[in-house]
Amino acid sequence: MGARTNSPHRRRIEVPLTAMAIAHPPILSRCREVLAGGPTEAARRWKGPAIGCFPVYSPVEIFHAAGALPIGIFGAGGSVELTHADARFQSFVCSIAKSTLELAFQKRLEGIGGMVFHSICDVARNLASVYRRNFPDLFIDYIHFPQNPTSSGSLDYTSAELERVRRNISVWLERKITDDALRESIRAYNRSRALMRRLYQMREESPERVNSVEAYQLVRAGTLLPPQEHVELLEAALADLERRAVKRMDRIRVIVEGAFCEQPPMGLIEVIERAGCYVIDDDFVAGWRWFANDVAETGDPIRALAGAYCRQSRPSSVRHDMTRPRHEDLAKRVREKNAQAVIFAPAKFCEPALFDYVLFRRVCEREKIPHLLLEFEEKMWTFERARNEIETFAESLLFE
Amino acid sequence: MADYKGTVHEHSKRIMGAWYDTLAQAAKTGAPSAYIMITGNCVEILRAFDIAPIFPEVNALQLAIRKQSLPLILKSEEMGYSSDNCAYVKADVGYTMEGGIGKDAKIPTPNLIVCNFVGCNVYIKWFEHSAEFLKAPLFMIDVPFLREKEPSKEDITYVVAQLKELIATCEKITGKKFDIDRLREVCALSRRAEEGWARAKDLCKNRPAPFDAYFDSINMMGPINVLRGSTDAADFFDAAVQEFEADVAAKRGPLPEEKFRLVIEGPPPYPYYRSFRDLFAAWGAVAVQSTYSTVGGIWEWGYRHDPERPLESIAEHMIVHNLCNRSLLERYSQIRRYVEEWKADALVIHSIKSCRLFSAGQGDMRDYFVGERHVPTLLVESDLEDPRYYAHAQMKNRIDAFFESLEHRRIVSMSV
Ligand code: SF4
Ligand code: SF4
């Protein structure tokens with residue numbers, strides 16, 4: 001792991017995670033239970049077919065409308081020893097690609113009959129091929145999402161691509177996917193996405209109400225639950241959090257950017273807050289919170305999903321959109337959300353994130369936005385160094 | 001070591017030099033120019049408008065060959081690029097920042113940046129950055145990856161729609177009206193060059209192969225990918241084929257003796273191009289086919305630009321007929337055909353740190369060829385641009401050990 005900051009001094013301040021201490025146990029412990037069970041337990045509980053969705057965005061509605069449970073597969077988070085994947089992917093490839101492959105080699109995707117990958121980067125694309133060769137019994141698809149959303153042909157193309165996926169899933173599961181079922185699934189995921197937007201709104205307005213680990217877990221649980229259950233979980237949690245008695249701490253407001261695919265270890269998310277930051281926005285699990293507003297619930301559902309992808313997607317390092325340069329968008333978010341700094345958290349070897357960092361950094365320097373770079377990888381067990389870096393960084397801003 | 005030069009090399013150097021002169025000229029006069037990438041490119045369209053094409057990948061590899069890449073890479077790393085980012089981009093950005101592009105330089109500031117996103121996702125980042133640094137407009141051509149056996153009707157329609165939008169943009173930039181007949185002429189010239197390139201590759205099925213289809217192919221990749229659609233390129237391939245046919249008739253190869261026939265996968269280590277080649281030459285090993293030579297286009301299986309259907313055939317080239325827009329498994333089949341039809345003894349995989357498009361998963365490729373196809377396979381690692389990743393002694397040991405074992409195998413099988 002690497003961290004860079006300009007500030008030379010080091011001083012330890014212990015900031016307690018107050019919100020964690022007063023967490024409402026039943027809802028959050030249910031959430032943690034879901035996460036601990038992981039993908040295989042999620043598939044077992046569902047009792048029907050399940051499909052693994054590699055990050056970032058996946059058209060989950062199509063799978064759900066076919067009666068399959070879409071499950072987010074984000075690698076193994078450091079929980080497996082690489083015994084096969086290391087021989088297939090070189091040392092300079094990100095951890096999520098390798099550990100996602102290892103899960104299948106170690107038969108730890110039980111109950112998951114297929115995997116879908118998307119046009120996010122060169123590694124994910126090749127990973128789809130390696131999966132296909134090594135696990136011929138799995139259903140594998142690779143989806144090419146448009147990188148030119150402003151062409152006159154984009155919407156038709158995206159619709160055709162989603163129709164292709166619908167056809168493939170239909171053949172695989174031997175099930176018809178009706179427009180009605182699709183609209184139903186769009187409604188269900190719209191609700192869970194809307195509640196996640198509310199959760200993020202809460203973090204922006206009163207970050208002391210929900211700490212970043214809780215928020216992360218609430219969102220991440222949605223990658224393992226049917227949307228209806230995720231909605232129930234979020235509704236109950238939001239009601240609890242709104243009632244929570246809290247006190248605002250002396251912390252800086254930061255945006256965390258760069259962990260849209262491989263997910264940082266929970267320990268790192270926790271350390272960012274403990275070391276003196278309120279995370280008021282981030283791009284963790286970005287694919288499952290992909291749309292800025294609801295997907296249309298009436299009319300042709302495939303066209304609605306395609307239109308949403310072209311016009312309602314959040315800016316992301318894996319999606320080109322020349323009408324909204326991502327670095328300018330970051331500066332705008334910093335202003336609008338009243339953030340004091342940005343923490344860049346790319347996964348080690350993640351090219352989309354590492355490339356974007358260059359333009360992000362330039363815009364931060366132009367706008368005088370303080371920033372810190374923290375690279376992470378799955379197998380990261382101690383966070384002392386990260387904590388020191390963040391503390392120094394936060395203090396330098398607090399005592400400015 | 002051996003002198004690998006020949007008339008084909010000289011010819012290539014001459015016409016590529018003339019292209020560089022055009023760029024230097026455009027920098028001075030402000031004649032229209034555009035950035036474009038090598039892979040599955042649509043240079044035909046730029047040519048139809050007389051827009052000078054600039055290929056930053058070619059500039060980057062030239063910097064590496066001339067051993068000028070490292071300081072530029074370091075310059076980029078100071079700007080925040082990671083040691084793990086593709087070094088082609090870093091060398092190019094470093095070069096741009098050092099004033100390599102512009103009115104007083106040899107390469108003009110482009111009027112347009114055409115990002116033909118054909119497979120490599122890094123292309124998008126690279127040209128987003130170039131557009132930002134050079135303040136030039138970016139035109140994205142999103143080419144759907146070949147994810148089924150054939151492209152769909154909608155894939156083709158989408159690319160054609162974008163090509164038409166590109167044409168409208170070129171009209172604006174040049175003030176010229178689009179002339180479809182001019183595009184047809186360009187496509188016919190492309191076709192002639194492609195015929196020659198395919199024929200040249202086919203000649204490597206002979207023993208000995210008339211040229212090294214990895215190391216010598218580099219000299220033909222400029223003409224086919226950069227100059228395609230020009231008379232220069234078409235004439236070049238006519239002449240090259242003639243020369244190779246004469247070599248075949250005379251049983252002349254690039255080395256005094258062809259002892260081993262290889263298929264090589266992956267880009268070469270440009271900073272150590274010559275010494276890398278020597279390591280194979282020392283064993284009498286010649287590449288009879290290579291995947292790198294097909295990044296721009298796969299012509300050996302019959303695809304040609306079609307003057308009758310210029311836009312559709314350009315779209316088909318971009319989607320289907322180049323290595324980068326096809327899956328890793330398609331690459332396995334391509335290599336398998338090469339090994340079988342070109343009668344290769346072994347596969348060498350040169351794994352490149354910079355280029356995950358090529359390298360991510362090459363361990364699986366080795367597993368497939370060794371385990372399922374029983375093809376002797378060597379996997380070595382370095383980089384195509386960053387000299388820090390080339391360990392000469394280690395490379396030599398690995399290559400020598402591999403050929404020793406191949407030689408041993410041969411003796412054993414002969415004695416059986
Ligand atoms: S972490 Fe980055 S490089 Fe790795 S698969 Fe995800 S987007 Fe690709
Ligand atoms: S990643 Fe590979 S194909 Fe892409 S720009 Fe770099 S070297 Fe070229």
Side-chain angles (χ1 to χ4, degrees), chain A residues 85-93 97 101 119-130 132-134 141-144 146-154 156-157 159-161 163-164 317-318 320 322 325-327 346 348-352 354-362 373 375, chain B residues 76 79-82 84-86 89 93 115 117 119-122 124-126 128-129 131-132 137-145 147-148 152-155 157-162 164-165 327-332 351 353-368 381:
Chain A
D86 249 2
R88 281 166 171 86
F89 282 94
Q90 298 89 327
S91 57
F92 49 77
V93 171
L101 181 61
S119 49
I120 55 169
C121 69
D122 299 334
V123 169
R125 189 175 52 237
N126 289 3
L127 178 60
S129 278
V130 174
R132 192 167 268 162
R133 181 178 93 80
N134 288 280
D141 209 343
Y142 177 80
I143 305 179
H144 182 99
Q147 292 285 7
N148 183 357
T150 48
S151 164
S152 63
S154 309
D156 284 346
Y157 163 75
S159 304
E161 179 62 348
E163 281 294 354
R164 184 187 68 82
S317 294
V318 296
H320 170 82
M322 58 195 113
R326 291 179 297 282
H327 50 288
K348 195 152 173 45
F349 304 116
C350 175
E351 282 223 292
L354 292 169
F355 268 121
D356 273 11
Y357 169 68
V358 177
L359 295 191
F360 284 153
R361 183 171 121 166
R362 262 167 75 96
L373 175 67
E375 269 185 31
Chain B
S76 290
M79 290 170 63
Y81 286 92
S82 157
D84 301 314
N85 281 136
C86 169
V89 184
V93 169
C115 184
F117 166 48
C120 172
N121 283 62
V122 169
I124 301 178
K125 303 290 177 193
W126 188 346
E128 281 178 350
H129 290 205
E132 174 73 16
L138 174 64
F139 188 96
M140 176 64 66
I141 305 182
D142 172 31
V143 176
F145 192 68
R147 56 230 182 277
E148 304 270 348
S152 68
K153 195 170 86 261
E154 290 86 357
D155 290 350
T157 312
Y158 180 37
V159 175
V160 169
Q162 296 175 86
K164 287 184 178 158
E165 287 160 356
S327 73
L328 192 58
L329 294 185
E330 288 294 331
R331 205 183 323 156
Y332 294 4
S351 189
K353 182 176 192 285
S354 272
C355 184
R356 288 162 182 85
L357 174 144
F358 255 106
S359 61
Q362 276 171 333
D364 187 70
M365 177 187 281
R366 174 180 51 190
D367 186 76
Y368 169 73
E381 275 183 33

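Each chain gets a letter, A, B and so on, in the order its sequence line appears, and its residues count up from 1. Atom set for the values below is all heavy atoms of this structure, side chains included, hydrogens, waters and symmetry mates excluded.
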Could you please spell out the steps behind the salt bridge (Lys or Arg N to Asp or Glu O under 4.0 Å) verdict for B:Glu154 and A:Arg164?
-> CA-CA 11 Å; B:Glu154 290 86 357; A:Arg164 184 187 68 82; over 6 Å; no
Could you go through the side chain to side chain contact (heavy atoms under 4.5 Å, CB included) check for B:Glu128 and A:Arg326 one step at a time?
-> CA-CA 10 Å; B:Glu128 281 178 350; A:Arg326 291 179 297 282; 2.5 Å; yes
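Judged by distance alone, the side chains of B:Asp142 and A:His144 do bring a donor and an acceptor atom under 3.5 Å apart. A:Glu351 and B:Asn121 share no side-chain donor-acceptor pair at under 3.5 Å.
Contact record, A:Phe92 with B:Ser351: CZ-OG, 4.1 Å, taken as the closest heavy-atom pair.
Using modelled atom types, no side-chain atom of B:Arg356 and backbone atom of A:Cys121 make a donor-acceptor pair closer than 3.5 Å. Remark: the backbone N or O of A:Ser152 is paired with a side-chain donor or acceptor of B:Glu165 at under 3.5 angstrom. Under the 3.5 Å distance criterion, the side-chain polar atoms of B:Lys125 are left unmatched by any main-chain donor or acceptor of A:Leu354.
Between the CG atom of A:Asp122 and the OG atom of B:Ser359 there is a distance of 9.0 Å, given to the nearest 0.5 Å.
Ranked by heavy-atom pairs under 4.5 Å with chain A, the list B:Asp155, B:Val122, B:Val93, B:Val160 is led by B:Val122.
Aromatic ring orientation, A:Tyr157 versus B:Tyr158: parallel (interplanar angle below 30°, classes split at 30° and 60°).
Neither the backbone nor the side chain of A:Thr150 comes within less than 4.5 Å of any heavy atom in chain B. When heavy atoms are compared at a cutoff of 4.5 Å, B:Ile124 approaches chain A solely by way of its side chain, counted from C-beta outward.
A salt bridge is absent between B:Arg147 and A:Asp141; no separation between the charged side-chain nitrogens and carboxylate oxygens falls under 4.0 Å.
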